[in-house]
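The chains referred to below are lettered A, B, ... by the order of the sequence lines, with proteins before strands, and numbering in each begins at 1.
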2 protein chains.
Amino acid sequence: MAGDETTARPERIHPACPSAAFPFQLGGKWMGMVILCLADRPRRFTELREAMGGVTAKVLSQTLRDMVRDGLAVRLDFEENPPRVEYELTALGSSLIEVIDAVRAWSERHLDELLRARESSTTAV
Amino acid sequence: MAGDETTARPERIHPACPSAAFPFQLGGKWMGMVILCLADRPRRFTELREAMGGVTAKVLSQTLRDMVRDGLAVRLDFEENPPRVEYELTALGSSLIEVIDAVRAWSERHLDELLRARESSTTAV
DNA sequence: CAGGATCCCATCTGATACTG
DNA sequence: CAGTATCAGATGGGATCCTG
């Protein structure tokens with residue numbers, strides 16, 4: 001996230017991202033990332049899984065159900081076989097992007113300072 | 001938080017605050033609230049405890065140690081007897097206030113919509 | 001493909017008791 | 001006053017296996 005100049009390029013979201021260290025969370029470990037992945041267009045379940053790296057099906061499914069319950073996303077079941085389901089942000093869900101961007105802006109400016117402080121603190125002790 | 005017009009009035013932060021339902025977290029359950037409590041001036045340990053309602057000494061102490069470790073706050077020990085310790089935000093810690101404000105702004109505009117969606121979803125099921 | 005069911009583990013939080 | 005130590009409970013994330 002920090003260091004990304006685009007708003008929603010899930011291909012660029014991975015565990016090595018420094019903002020993984022940022023003490024910030026929105027509705028569980030993955031919801032923020034899901035919102036960014038869905039920012040530009042609807043995506044399928046497996047598409048989300050692959051874009052987000054390590055998340056298991058169970059956890060992603062739980063995250064998505066929470067988002068649907070809270071009106072942040074809608075679940076589009078095309079009722080095909082094999083199954084085809086897409087998730088899409090609602091207006092409410094999209095409104096969270098600006099909050100996430102505020103965090104990303106903070107990270108770009110200050111996260112390395114936090115990490116340096118943490119490092120010098122642990123080495124000192 | 002949501003509904004407060006001031007930035008840092010810890011007296012007005014309590015568990016009944018609707019943003020307690022907001023799926024947003026910064027460094028554990030209490031760190032965001034601590035930052036708001038320290039926004040206007042340094043405060044003593046017990047002063048923080050009382051302003052924040054239910055937090056236990058252990059958890060607040062852990063939160064404050066994390067914040068000091070990450071360079072978000074400094075611990076001022078006056079080495080008196082009885083003990084007197086104050087905590088104060090660093091510039092880095094203060095820089096998080098704008099992030100928190102972004103969340104508060106979101107909450108003021110959208111949180112009730114999320115809560116309504118959640119309610120109608122749980123009653124529907 | 002899109003999950004659900006189950007189990008396990010780590011972490012977090014709080015309650016309680018104690019201390020310099 | 002400002003914590004620490006210890007323990008118990010809840011929660012969350014992940015691994016694995018299974019299914020319509």
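Considering only residues two or more places apart in sequence or on other chains, B:Gln25 meets the side-chain hydrogen bond (donor to acceptor under 3.5 Å, both in side chains) condition with none of them. Residues passing the side-chain hydrogen bond (donor to acceptor under 3.5 Å, both in side chains) test with A:Glu88, sequence neighbours excluded: none. Scored by the side-chain contact (heavy atoms from CB on, under 4.5 Å) test, B:Ser61 finds B:Phe45, B:Arg65 as partners (sequence neighbours excluded). With sequence neighbours excluded, the residues that form a salt bridge (Lys or Arg N to Asp or Glu O under 4.0 Å) with A:Arg116 are A:Asp112. Scored by the side-chain contact (heavy atoms from CB on, under 4.5 Å) test, A:Glu79 finds A:Asp77 as partners (sequence neighbours excluded). A search for salt bridge (Lys or Arg N to Asp or Glu O under 4.0 Å) contacts involving B:Glu47 returns B:Arg41, B:Arg43, not counting sequence neighbours. In terms of the side-chain contact (heavy atoms from CB on, under 4.5 Å) criterion, residue partners of A:Arg84 (sequence neighbours excluded) are, by chain and number, A:Arg44, A:Phe78, A:Glu80, A:Glu86.
Put simply, NZ on A:Lys29 is 14 Å from P on D:dG12, counting in whole angstrom units.
Taking a 4.0 Å limit (strictly below) on heavy-atom distances, residues 72-90 of chain A reaches DNA chain D at A:Pro83. Within a heavy-atom distance below 4.0 Å of DNA chain C, the residues of residues 57-69 of chain B found are B:Lys58, B:Val59.
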Quick one: side chains of residues 67-74 of chain A, donor-acceptor pairs under 3.5 Å with protein atoms, not counting sequence neighbours, listed by atom name and distance.
| from | atom 1 | to | atom 2 | distance (Å) |
| --- | --- | --- | --- | --- |
| A:Asp70 | OD1 | B:Arg118 | NE | 2.8 |
| A:Asp70 | OD1 | B:Arg118 | NH2 | 3.4 |
| A:Asp70 | OD2 | B:Arg118 | NH2 | 2.9 |

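Over its full length, the helix from C:dC1-D:dG20 to C:dG20-D:dC1 turns its helical axis through 50°, comparing axes from the five pairs at each end and rounding to 10°.
With a cutoff of under 4.0 Å to any heavy atom of chain A, the contacted region of DNA chain C is bounded 5' to 3' by C:dC1 to C:dC7.
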